[in-house]
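Here is the structure we will look at, set down as structure tokens.
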Amino acid sequence: MATTFTTLLLLLTLLHPFTTTAIPPASPVQCNGTGCVLSNAYGLWNVRTPYTVPSVLYPTTEADLLAAVATAIKSNLKLKLVSAFSHTIPNLACPSTGDAAAVLISTTKYNTNVDINVAERTVTVDAGVGLRDVIDKVEAAGMSLVAAPYWEGVSVGGVVSTGSHGSSWWGKGGAVHDHVIAMRLVVPATRSEGYAKVVTVVAGDQLFDAARVSIGMISAISKVTLSLEPRFKRSITFSFQNDSSFENDFMDLAKTHEFADITWFPSQHQAMYRLDDRVPLNTSGDGFNDFIGFQSTSMIVSTAVRASEQVAEKAKSIKGKCSLASTALGAKKLVAFGLKNNKIMFTGYPVVGYQGKMQTSGSCLHSSSLDLLSSCAWDPRIKGVKFYETTAIFSPQKFKDFIQDVKKLRDLNPDNFCCIDNYNGMMIRFVKRSTAYLGQPEDSVVIDFNYFRADDAMTPRLSEDVWEEVEQMAFFKHGARPHWAKNRKVAFLGVQEKYPHMSQFIAAKKKVDPQGGFSSPWSEEIFLGKEAHKEDGCALEGQCVCSEDSHCSPSNGYFCKPGLVYQGARVCRYSSAATAME
């Protein structure tokens with residue numbers, strides 16, 4: 001009954017979007033009289049321990065930023081930057097494991113300047129400026145930013161430093177950092193130079209390829225200059241196919257359509273091809289992309305969906321999740337996953353609109369009201385959805401092999417895959433080869449999927465073994481590279497061997513920041529990709545790969561077992577105690 005009720009609520013919301021303005025997301029930094037706590041937009045890092053810091057600095061100008069970095073370096077403090085959005089899942093923004101010798105610098109108020117040069121086809125922005133602000137001002141000037149991630153709730157500095165991307169193998173590609181032509185950085189300096197200085201880097205400079213994707217470990221990004229193109233329109237059609245051959249079709253799709261992607265719904269045996277190309281400016285249409293997962297969601301629906309998931313988890317009811325997955329996909333098809341031909345609704349394909357309205361979305365971010373009725377579905381202030389996000393980046397051939405392995409695992413029991421189809425399936429995008437040291441070393445295929453996360457770190461999940469096996473297939477068997485701003489900790493194991501220019505990045509890091517002011521135990525742990533000491537239950541949240549039963553949850557019937565398809569995997573599988581002892 002709970003699942004049926006939740007399905008009806010979800011269906012009503014999808015077909016009749018909630019129109020009341022949402023509460024804006026909370027600041028990732030919350031301070032009181034004793035200090036400040038840093039979180040991310042989801043309220044949960046990969047580790048659940050909250051990070052505290054004595055105080056936070058809020059520069060509004062480059063001079064303020066320079067002074068903040070200089071003070072930290074002079075005082076031998078660890079320092080990190082955080083934006084107003086903080087959607088990074090690994091705790092890369094945390095300066096240290098303690099709170100005494102660290103400072104946090106927020107770019108929330110360093111968000112004023114957006115300088116457009118139409119003749120040079122460039123825009124130069126402060127690091128804290130939000131992506132939507134940049135896009136709207138660029139479009140108003142008759143220009144377009146070609147690359148952007150699908151989620152607009154990010155700062156320009158954050159997008160560039162984490163390697164965020166859209167989808168394209170055409171031109172300069174889908175990664176935003178490959179459209180950067182210059183950066184102004186605040187770097188550590190000698191005492192005679194005032195402990196910090198501003199440097200400008202452009203293509204060809206020794207530091208340029210290290211600084212573009214630096215995950216906050218080299219410098220403080222002050223300003224970014226991006227290349228632009230004359231304003232253009234796009235035409236989008238979603239084409240649903242049987243999933244029998246998409247692993248053979250993806251290269252042709254990416255080469256034929258400039259902004260193509262694929263969304264795979266494994267339990268439903270369907271693949272959705274995004275046919276997405278530029279069209280002439282005089283093409284009729286003023287549509288926009290209001291992706292359904294990023295729309296404001298009624299808090300009633302968010303909490304009901306979460307409660308339904310928890311009921312299914314506790315009862316180990318895969319069928320309950322499958323009922324929701326099938327109904328939700330049908331409803332999403334009816335509204336084209338949030339594409340709209342006008343300001344109100346979807347009326348049919350193709351949907352044609354200006355680049356600025358089609359390339360990214362995030363309407364749940366924007367509010368002029370404090371009405372507590374709707375929000376982003378993952379807002380931690382409500383009992384809404386909580387999820388993991390795995391993002392793996394493959395060479396094209398390895399991607400094909402990975403999909404074939406996943407299909408073998410899926411075919412053993414398709415119902416095990418309903419849980420990700422509740423979270424929009426597996427999204428497959430394309431990122432072009434980059435010269436950035438921590439960018440992609442080849443034309444690559446990115447797969448991204450979300451799945452249930454429990455309220456408690458020691459609570460096992462339904463089909464836990466399946467998703468641990470998929471994760472290990474991707475990163476261990478097929479050598480996928482992790483997205484720097486996403487993933488559980490195990491995805492980063494051995495990451496240094498996966499980037500051929502890693503030694504050059506490390507050399508640049510040591511040269512620019514010899515005292516390691518921009519490093520921290522947290523960022524080093526992710527960046528070095530080493531497995532820490534294993535503790536009881538560490539595999540449940542991806543803090544380790546299990547090697548003995550205690551790393552799972554034997555008291556709840558979860559034991560460390562080999563994978564079903566990838567025998568090299570070690571996963572936490574539910575079974576009886578008697579079976580576990582055989």
Side-chain angles (χ1 to χ4, degrees), residues 39-40 42-51 89-92 94 97 306 309-318 321 378 380 383 385-390 416 419-420 423 449-476 482 486-495 521-522 524-526 528-564 566 568-582:
S39 185
N40 59 15
Y42 313 104
L44 285 174
W45 301 107
N46 274 344
V47 293
R48 292 179 182 251
T49 305
Y51 176 74
I89 295 173
N91 47 346
L92 297 172
C94 301
T97 52
R306 178 66 176 179
E309 281 190 304
Q310 290 173 316
V311 168
E313 289 280 329
K314 187 174 182 178
K316 294 182 173 54
S317 173
I318 296 177
K321 293 201 172 188
W378 55 86
K383 294 181 180 179
V385 297
K386 293 184 180 70
F387 53 84
Y388 296 108
E389 185 165 12
T390 293
N416 282 330
C419 63
I420 66 159
Y423 286 89
F449 56 94
N450 301 332
Y451 46 108
F452 178 87
R453 187 176 189 180
D455 289 341
D456 180 79
M458 300 303 290
T459 300
R461 305 182 315 279
L462 189 61
S463 305
E464 170 135 354
D465 61 315
V466 172
W467 297 107
E468 289 179 358
E469 185 169 352
V470 170
E471 185 178 47
Q472 292 175 45
M473 276 180 181
F475 296 109
F476 303 159
K486 302 179 183 179
N487 291 299
R488 307 190 320 160
K489 184 178 173 182
V490 295
F492 295 93
L493 297 180
V495 71
W522 301 112
E524 290 287 345
E525 191 174 72
I526 295 298
L528 294 176
K530 293 182 178 179
E531 191 169 33
H533 174 70
K534 294 185 179 183
E535 300 177 346
D536 289 354
C538 61
L540 298 178
E541 292 229 298
Q543 296 299 307
C544 74
V545 175
C546 72
S547 54
E548 57 185 59
D549 291 341
S550 65
H551 301 149
C552 298
S553 183
S555 63
N556 288 303
Y558 286 77
F559 302 90
C560 189
K561 297 287 186 178
L564 298 175
Y566 172 35
R570 290 296 178 269
V571 301
C572 296
R573 181 174 299 124
Y574 180 74
S575 60
S576 69
T579 301
M581 295 177 65
E582 290 179 358

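Sequence positions, counted from 1, serve as the residue numbers for this chain.
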Check: Do other residues, nucleotides or ligands put more than 12 heavy atoms under 6.0 Å from Lys386 NZ?
Finding: yes

Check: Does the disulfide (SG to SG under 2.5 Å) test come out yes or no for Cys560 and Cys546, once each step is laid out?
Finding: CA-CA 6 Å; Cys560 189; Cys546 72; 2.1 Å; yes

Notebook entry, point to check: If every non-hydrogen atom of Arg488 is compared with every non-hydrogen atom of Leu540, which pair is closest and at what distance?
Noted result: NH1-O, 3.5 Å

Next item on the list: Go through the structure and list residues passing salt bridge (charged side-chain N to carboxylate O under 4.0 Å, His left out) with Glu541, not counting sequence neighbours.
Entry: Arg48, Arg453

Checklist line | Stepwise side chain to side chain contact (heavy atoms under 4.5 Å, CB included) check, Phe387 with Glu309 | finding: CA-CA 11 Å; Phe387 53 84; Glu309 281 190 304; over 6 Å; no

Next item on the list: Determine the minimum heavy-atom distance between Ser39 and Leu44, stating which atoms define it.
Entry: OG-N, 4.1 Å

Check: What pair of heavy atoms forms the shortest contact from Lys489 to Asn46, and how long is it?
Finding: N-ND2, 3.8 Å

Notebook entry, point to check: CD of Glu464 to SG of Cys419: how many Å apart, nearest 0.5 Å?
Noted result: 11.0 Å

Checklist line | Side-chain ion pair, Arg573 and Glu468, N-O less than 4.0 Å | finding: no

Item checked: Separation of Thr49 OG1 from Asn91 CG (nearest 0.5 Å) -> 9.0 Å

Checklist line | Pairwise side-chain contact, Asp455 with Arg306, heavy-atom cut-off 4.5 Å (strictly under) | finding: yes

Notebook entry, point to check: How far apart are the C-alpha atoms of Asn487 and Ile89, what are their side-chain angles, what is the distance that settles it, and do they pass the side chain to side chain contact (heavy atoms under 4.5 Å, CB included) test?
Noted result: CA-CA 7 Å; Asn487 291 299; Ile89 295 173; over 6 Å; no

Check: Considering all heavy atoms of both residues, which atom of Cys544 and which atom of His551 are nearest to each other, and what is their separation?
Finding: SG-CB, 4.3 Å

Note to self: Is it true that Ser575 and Lys561 share a donor-acceptor pair across their side chains at a distance under 3.5 Å?
What the structure shows: no

Notebook entry, point to check: Is the gap between the ring centers of Tyr423 and Phe452 under 6.0 Å?
Noted result: no

Note to self: So, taking the atom named CG in Asn40 and the one named CH2 in Trp45, what distance separates them when rounded to the nearest 0.5 Å?
What the structure shows: 5.0 Å

Note to self: Just to verify, what does Lys316 make a salt bridge (charged side-chain N to carboxylate O under 4.0 Å, His left out) with, not counting sequence neighbours?
What the structure shows: none

Check: From Glu313 CD over to Ser463 OG, what is the distance, rounded to the nearest 0.5 angstrom?
Finding: 8.0 Å

Next item on the list: For residues Met458 and Ser553, report the shortest heavy-atom separation together with the two atoms involved.
Entry: O-OG, 4.2 Å

Notebook entry, point to check: How long is the gap from CD on Gln472 to CZ on Phe475, to the nearest 0.5 Å?
Noted result: 11.0 Å

Next item on the list: Would you please indicate yes or no on a ring centroid separation below 6.0 angstrom for Trp467 and Phe449?
Entry: yes

Next item on the list: Check whether any side-chain N or O of Lys534 sits under 3.5 Å from a backbone N or O of Val545 as a donor-acceptor pair, and report yes or no.
Entry: yes

Check: Between Pro482 and Phe492, which heavy-atom pair has the shortest distance, and what is it?
Finding: CG-CD2, 3.6 Å

Next item on the list: Can you measure from OH (Tyr558) to OG1 (Thr459) and round to the nearest 0.5 angstrom?
Entry: 10.0 Å

Note to self: Determine whether a donor-acceptor pair (N or O, by modelled atom type, separation under 3.5 Å) exists between the side chain of Glu469 and the backbone of Val571.
What the structure shows: no

